[in-house]
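One structure is given here, and the rest of the page talks about it.
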Amino acid sequence: MVNLFVPPSYMAVYAKCVDASLPAFEPEEWIEEGKVYPVKHFTEPLNTGDGFAVTIMDEDGVEIHPSTSHWSFASSRFELFTLHLN
């Protein structure tokens, strides 16, 4: 079982895309290099040295899913930023 981390209300997490190369499968939705996306939640690392899965949203707050079988993106495709709100 993998734990999901949902940012608390006083924190905002954003992901700037640094790798928009297409995967082996044909995605239904994809990301744009250089664009910054709000992060809905992310997982703990799956294995030592591995990244984690990041679920991002568009400008309207709708989740972006590459396909019906891939609901998240690899963290290695992004630079993550955290803002602590007052």
Side-chain angles (χ1 to χ4, degrees):
M1 177 176 213
V2 176
N3 292 323
L4 278 183
F5 296 107
V6 178
S9 60
Y10 60 85
M11 184 185 301
V13 180
Y14 294 94
K16 179 181 179 184
C17 178
V18 294
D19 178 9
S21 59
L22 289 172
F25 64 92
E26 290 190 30
E28 295 170 9
E29 299 178 290
W30 201 241
I31 48 180
E32 296 176 37
E33 191 163 339
K35 189 169 180 178
V36 177
Y37 298 91
V39 173
K40 182 172 184 179
H41 49 68
F42 51 94
T43 65
E44 63 187 357
L46 301 176
N47 293 307
T48 304
D50 283 352
F52 45 92
V54 179
T55 301
I56 59 173
M57 299 179 291
D58 65 15
E59 299 85 18
D60 299 322
V62 177
E63 290 182 18
I64 299 173
H65 302 295
S67 72
T68 54
S69 61
H70 294 78
W71 280 49
S72 298
F73 293 87
S75 62
S76 59
R77 293 185 176 275
F78 301 96
E79 287 181 12
L80 297 176
F81 300 93
T82 303
L83 297 174
H84 291 269
L85 311 170
N86 288 334

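Since the model is a prediction, treat every value here as computed from it, not as a measurement.
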* Asked: Transitively linked via ILVMFWY side-chain contacts under 4.5 Å: Trp30 with Ile64?
  -> yes
* So which heavy atom on Glu32 is nearest to which on Cys17, and how close? -> O-CB, 3.1 Å
* Evaluate the ring planes of Phe78 and Phe73, with Trp represented by its six-membered ring, and classify them as parallel (under 30°), tilted (30 to 60°) or perpendicular (over 60°). => perpendicular
* Asked: So, for Glu63 and Glu29, which heavy atoms are closest and what is the spacing to 0.1 Å?
  -> O-OE1, 4.2 Å
* Do other residues, nucleotides or ligands put more than 12 heavy atoms under 6.0 Å from the NZ atom of Lys35? -> yes
* Asked: Hey, quick one: are Tyr10 and Val6 part of the same hydrophobic cluster, counting side-chain heavy atoms closer than 4.5 Å, chains of contacts allowed?
  -> no
* Structure fact -> Correct closest heavy-atom pair for Val18 and Glu33 would be O-OE2, 3.5 Å
* Heavy-atom donor-acceptor pair, Asp60 side chain to Val62 backbone, under 3.5 Å -> no
* To do: Taking all heavy atoms of Ser72 and all of Pro66, pick out the closest pair and write down the distance.
  => O-CG, 3.9 Å
* To do: Test Arg77 against Val54 for side-chain contact (heavy atoms from CB on, under 4.5 Å), laying out the working first.
  => CA-CA 9 Å; Arg77 293 185 176 275; Val54 179; over 6 Å; no
* Where do Ile31 and Ala20 come nearest, in terms of heavy atoms and distance? -> O-CB, 3.7 Å
* To do: Hey, can you tell me if Phe42 and Phe52 have their rings parallel, tilted or perpendicular (30° and 60° cut-offs)?
  => tilted
* Structure fact -> Tightest non-hydrogen contact, residues Pro7 and Val13, listed as CG-CG2, 3.7 Å
* Can you hop from Trp71 to Ile56 via hydrophobic side chains spaced under 4.5 Å? -> no
* Asked: Out of curiosity, does Tyr37 fall in the hydrophobic cluster containing Phe5 (side-chain heavy atoms, cut-off under 4.5 Å, transitive links)?
  -> yes
* To do: Look only at the side chain of Thr43 and the backbone of Ala53, and say whether a donor-acceptor pair between them is shorter than 3.5 Å.
  => yes
